Protein chains: 2
Amino acid sequence: MSVQQRRERERAVRHELIVRTARELAESEGWDAITTRRLSERIEYSQPVLYSHFAGKDAIVAAVAEQGFAELAAARAAAGTAKEAVVAAIHTYLAFAEANPALYDAMFVLGTDLPFAQATTPAPLLAAFGQLHDVLAPLAGDRDSGVFTEVWWSTMHGLVTLARGGRIPAGGQEQRVAILVYQLTGTPP
Amino acid sequence: MSVQQRRERERAVRHELIVRTARELAESEGWDAITTRRLSERIEYSQPVLYSHFAGKDAIVAAVAEQGFAELAAARAAAGTAKEAVVAAIHTYLAFAEANPALYDAMFVLGTDLPFAQATTPAPLLAAFGQLHDVLAPLAGDRDSGVFTEVWWSTMHGLVTLARGGRIPAGGQEQRVAILVYQLTGTPP
DNA sequence: CCATGAATCCTAGCATCGCTAGATATTCGA
DNA sequence: TCGAATATCTAGCGATGCTAGGATTCATGG
């Protein structure tokens, strides 16, 4: 039985190698540059090996995305007052997106058929949304805190994607965050 | 000289045919289903004809996007009070995105190398942003109205893309708009 | 009215893509 | 040490965006 265990261990290592390599490659050259051939070359295996681990390229992207959900959930910022918590959460979110653009795309832009807000939604994703909810809920007033969170998440997501696509100047995010905080808390940051 | 004029006219007609067909095809089957072969078959010309009109597939998408900018700018809503104008603008924007998902993607999601907020930015795009700015500026208070507009545009864009990707339930947009209006104007819609 | 030159368009092909079938090499148990 | 099962690779399929070069059409000058 030990043989099989070793093999499963080796498979798991290679599985992780594929995900890590895909992420590194995407982060350095963008998802468009990720082809199964280049990826297989990087991990020093042939193409079909990828398909013994994943159903297809989309599944690899999804695996990278899931890593991202876990990391985003883990990037919990230190919380002081309610307002400080909101400011910290916003900066954490935007910094995460800026530091890991390809990862962010895998999570929130690509693969529009991920199971979100469903029974099969990945736990780390629920955790990440839950953290944002916890921080924003105190500011919701008499409005539904879940919908309230969705709206402000949309704002942050819009800021990230519009800035990344060059639709709004990439440089002015601080000013926008200031307005965001003002709008949320009623006072400047 | 008349011959050349007729030819230019025919070229313009075919140019418009390509853009219109690409848009229809994208709207009915999604941009992923748009290939140069399928597109050329639809217009009943061979593939290379496309390249005599456009530098490549991206340029065709960009041409479709530019149509969208013009239409969005033309979809100016009737304005009453400042608040009514804001509510109308939000609904106009979201309705536009919902009615023309592929067009919206061409405008704001695909082709991240479009010239936005630059000297070469298409005039209809500036017009569309300017209209949004005119509506939102009265609510900006002491904050920069341009940045203020960018933030709320980001919110709407986030609502559109997250809902389209299934990240937030597609059904609850009305509730989110209500919160959006409340947050902007201080009173429920 | 015809031949010539240019403009126009299409056939055929290239490199690359995601993915897969069948052959080959490797490894383990008896 | 040998046979069987497992693991991996080579080779290839259909489809992609895009392009070169030949064929066809067409206006024009004699």
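None of the values given here were measured: they were computed from a predicted structure. Numbers restart at 1 for each chain; the letters A, B, ... are given by sequence-line order, proteins then strands.
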Practice prompt. Figure out the CD/C1' separation between A:E41 and D:dT10, and round it to whole Å.
Written response: 15 Å
Worksheet item: How about A:Y104 and A:H157: are their ring centres within less than 6.0 Å of each other?
Response: yes
Practice prompt. Compute whether any side-chain donor of one residue and acceptor of the other, for A:T187 and A:K83, lie under 3.5 angstrom apart.
Written response: yes
Worksheet item: Does any donor-acceptor pair link the side chain of A:Q47 with the base of D:dC9 at a separation under 3.5 Å?
Response: no
Worksheet item: Want to settle it: does A:Y45 or A:R37 sit nearer the 5' end of DNA chain D, counting the closest nucleotide to each?
Response: A:Y45
Worksheet item: Do the ring centers of B:W152 and B:Y93 come within less than 6.0 Å of each other?
Response: no
Worksheet item: Relative to B:F108, does A:R167 satisfy both conditions: NZ or CZ under 6.0 angstrom from the six-membered ring centre, and within 45 degrees of the ring's axis?
Response: no
Worksheet item: Rounded to whole angstroms, how far apart are OH on A:Y51 and C1' on C:dG22?
Response: 17 Å
Item to complete: Identify whether any heavy atom of B:R38 sits under 4.0 Å from a base atom; if not, whether one sits that close to sugar-phosphate; answer base, sugar-phosphate or nothing.
Response: nothing
Item to complete: Using a cut-off of strictly less than 4.0 Å, decide whether B:R14 has a side-chain nitrogen or oxygen near OP1 or OP2 of C:dC9.
Response: yes
Worksheet entry | Rounded distance (Å) that lies between atom P of C:dG18 and atom CD1 of A:I60 | 9 Å
Worksheet item: With sugar-phosphate meaning primed atoms plus P, OP1 and OP2, does B:S46 contact a base, only sugar-phosphate, or nothing at under 4.0 Å between heavy atoms?
Response: base
Worksheet entry | Spacing between B:F54 atom CZ and D:dT19 atom P, to the nearest angstrom | 15 Å
Item to complete: Please state how far atom CG in B:L50 lies from atom P in D:dT19, giving the value in whole angstrom units.
Response: 12 Å
Worksheet item: Heavy atoms under 4.0 Å, any strand shown: does A:I34 hit a base, just sugar-phosphate, or nothing?
Response: sugar-phosphate
Worksheet item: Distance check: side-chain N/O of A:T36 vs OP1/OP2 of C:dC19, anything under 4.0 Å?
Response: no
Discussion item. Under 6.0 Å between ring centres: does that hold for A:H15 and A:F54?
Written reply: yes
Worksheet item: On DNA chain C, nearest-nucleotide positions of A:P48 versus A:T35: which is more 5'?
Response: A:T35
Practice prompt. Round to the nearest Å and state the distance from A:D58 atom CG to C:dC19 atom C1'.
Written response: 12 Å
Discussion item. If I take atom NE2 in residue B:H53 and atom P in nucleotide D:dC18, what distance separates them, rounded to the nearest angstrom?
Written reply: 16 Å
Practice prompt. Send over the distance from A:L39 CG to C:dG18 P, rounded to a whole Å.
Written response: 9 Å
Worksheet item: Just checking A:R11: base, sugar-phosphate only, or nothing, at a heavy-atom cut-off of under 4.0 Å?
Response: nothing
